[in-house]
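In what follows, a structure is listed as structure tokens, so that the remarks can point back to it.
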2 protein chains.
Amino acid sequence: MRPERPPRDRRLSRERIVGVAVGILDAEGHQGLSMRRVATELGVTAGALYWYVANKGEMLELALDAVLGEISVPAPDVEWRRALADLAGSHRRMLLRHPWVLTDLAAQPNLGPNALALSEAGLSILVRAGFADADLDAALAAVNDHVVGAVSAELAWRAAMGPAEGGPQEWAEQMDGYLRRLRAEHPLLAGRMAAASGVDVHAESERRFGFALECLLDGLAARLPHS
Amino acid sequence: MRPERPPRDRRLSRERIVGVAVGILDAEGHQGLSMRRVATELGVTAGALYWYVANKGEMLELALDAVLGEISVPAPDVEWRRALADLAGSHRRMLLRHPWVLTDLAAQPNLGPNALALSEAGLSILVRAGFADADLDAALAAVNDHVVGAVSAELAWRAAMGPAEGGPQEWAEQMDGYLRRLRAEHPLLAGRMAAASGVDVHAESERRFGFALECLLDGLAARLPHS
DNA sequence: ACCTGAACACCGTTCAAGT
DNA sequence: ACCTGAACACCGTTCAAGT
């Protein structure tokens with residue numbers, strides 16, 4: 001009990017900065033992240049960060065590449081369809097852990113070391129499958145795009161279900177009136193929303209993710225040069 | 001020449017507000033949008049906006065639904081694969097016109113009238129194709145996710161190519177050193193990047209978009225109940 | 001080399017007060 | 001009903017000055 005806390009490296013560093021940045025982003029999203037907040041969390045003044053980082057944008061780039069490192073690359077002897085599905089699954093789980101990444105992906109160029117390693121891993125799987133040249137690029141893009149798009153939709157769905165404030169009763173009444181109007185103008189959608197009201201968002205999202213991925217893999221397999 | 005300008009409705013309205021908001025977002029992205037900026041562009045004080053709009057978030061929601069209305073829905077007698085491809089294409093072009101939408105889609109629930117109409121249109125095409133129940137949802141999600149993911153990747157690519165400041169010479173030298181290091185650690189990626197250096201980003205993005213979409217449609221067709 | 005403290009030019013939002 | 005003007009609590013970023 002002698003030292004109140006272990007001194008734990010009072011010294012600043014890029015690593016420590018992006019560490020707390022990722023922590024804040026995970027907990028509170030982009031809204032909660034400010035240079036001043038990161039600084040105080042490190043027991044330091046805002047201006048001090050600019051010794052290690054050019055600006056907020058660079059800090060975000062570093063945070064982005066840091067979490068890209070969490071994606072696990074399948075072993076090189078796994079069959080290509082399985083390997084691609086595993087890679088996509090790991091990619092998806094990482095995006096669900098760090099939802100703020102999606103907002104960055106659309107804007108930032110994203111050329112950090114982990115991003116490059118990830119692309120190389122995807123390419124090697126598709127080369128093993130038999131793809132080459134322009135189709136190789138298109139195939140990798142197809143899988144990556146599906147992951148990004150699917151997680152984007154899953155998060156939006158979760159956010160739409162989230163604000164169940166005022167008890168489920170008020171929400172149900174509000175939804176009831178909403179559905180009644182909907183049934184008149186958009187009958188198909190109303191039917192699907194009614195069917196979706198009881199499902200587990202997480203499980204259903206995972207099912208849809210797999211469904212589209214299998215469609216995609218079937219389509220890719222059919223386009224293999226000599227098969 | 002008598003009146004300096006036509007009086008053009010000095011009165012504020014939700015419509016006029018989201019109109020200039022969309023204009024600013026198109027021209028300068030999320031970074032350029034502020035309540036104060038919108039206000040001065042309307043010749044008014046920032047506080048005045050709060051009479052028509054609860055906060056910045058609501059203004060963004062309205063802007064999002066406004067541009068969703070630009071997507072054109074194919075006629076109900078078009079064959080389903082063609083109809084789905086047309087709808088996806090129109091969706092894609094709208095996202096390329098308003099890149100800021102992608103940042104919103106990941107966060108905002110997006111349940112405005114135009115969003116609902118769009119979902120209904122997609123569902124009706126897939127019902128016509130023969131899908132039902134859970135597969136119907138998954139099929140629609142698959143197509144939408146592909147559009148969102150593909151445009152996201154296209155914009156990131158364009159942004160990465162964009163900052164060709166200091167002349168193409170400096171950029172080429174920088175890229176040269178980069179590629180040399182890349183060739184050692186990531187040979188496949190280095191090869192693809194070299195091959196991509198001369199291509200037209202717009203045309204190649206469109207090709208990849210179509211490639212993955214055809215893969216997806218093949219996969220969907222194979223999963224039709226009785227075919 | 002590394003950090004503080006203060007400043008600058010911004011934000012979103014609220015709200016009395018005017019008309 | 002609709003808008004102003006001022007205020008509040010924030011931002012990112014810079015930069016002299018300290019150590």
Q) So among A:L60, A:I24, A:L95, A:V22, which one has a side-chain contact (heavy atoms from CB on, under 4.5 Å) with A:W100? A)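 Considering A:L60, A:I24, A:L95, A:V22, a side-chain contact (heavy atoms from CB on, under 4.5 Å) with A:W100 is found only for A:V22.
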
Q.
Among C:dG5, C:dC3, D:dC3, which nucleotide has an atom closest to any side-chain atom of A:Y52?
A. C:dC3

Q. Does any non-hydrogen side-chain atom of B:N114 lie less than 4.5 Å from one of B:I71?
A.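 The answer is no, as the side chains (C-beta and beyond) never meet within the 4.5 Å cut-off.
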
Q. Taking atom CG of A:L213 and atom CG of B:D145, what is their separation to the nearest 0.5 Å?
A.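 A:L213 atom CG to B:D145 atom CG measures 11.5 Å (nearest 0.5 Å).
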
Q) Atom CZ in A:R97, atom CG in A:D26: separation rounded to 0.5 Å? A) 9.0 Å

Q. What residues form a salt bridge (charged side-chain N to carboxylate O under 4.0 Å, His left out) with A:R14, not counting sequence neighbours?
A. A:E58

Q: For C:dC2, take OP1 and OP2 only and decide whether either is under 4.0 Å from a side-chain N or O of A:W51.
A: yes

Q. Taking 4.0 angstrom as the limit, do B:K56 and B:E61 come out as a salt bridge?
A. no

(Q) Does this structure show an ion pair linking B:R208 with B:E154, if we count only N-O contacts that are shorter than 4.0 Å? (A)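 Result for this pair is no, no salt bridge flagged.
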
Q: Determine, for nucleotides 12-19 of chain C in 5'-to-3' order, which nucleotides have protein heavy atoms under 4.0 Å from the base (write B), from only the sugar-phosphate (write S), or from neither (write -).
A: BBB-----

Q.
Identify the stems formed by DNA chain D, where each pair is Watson-Crick or G-U wobble with both distances under 3.5 angstrom and a stem is at least 3 consecutive pairs.
A.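 Consecutive-pair runs (3 or more) involving DNA chain D: C:4-8 with D:12-16, C:12-16 with D:4-8.
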
Q.
Closer than 3.5 angstrom, by distance alone: can the side chain of B:T45 be matched with the main-chain N or O of B:A48 as a donor-acceptor pair?
A. no

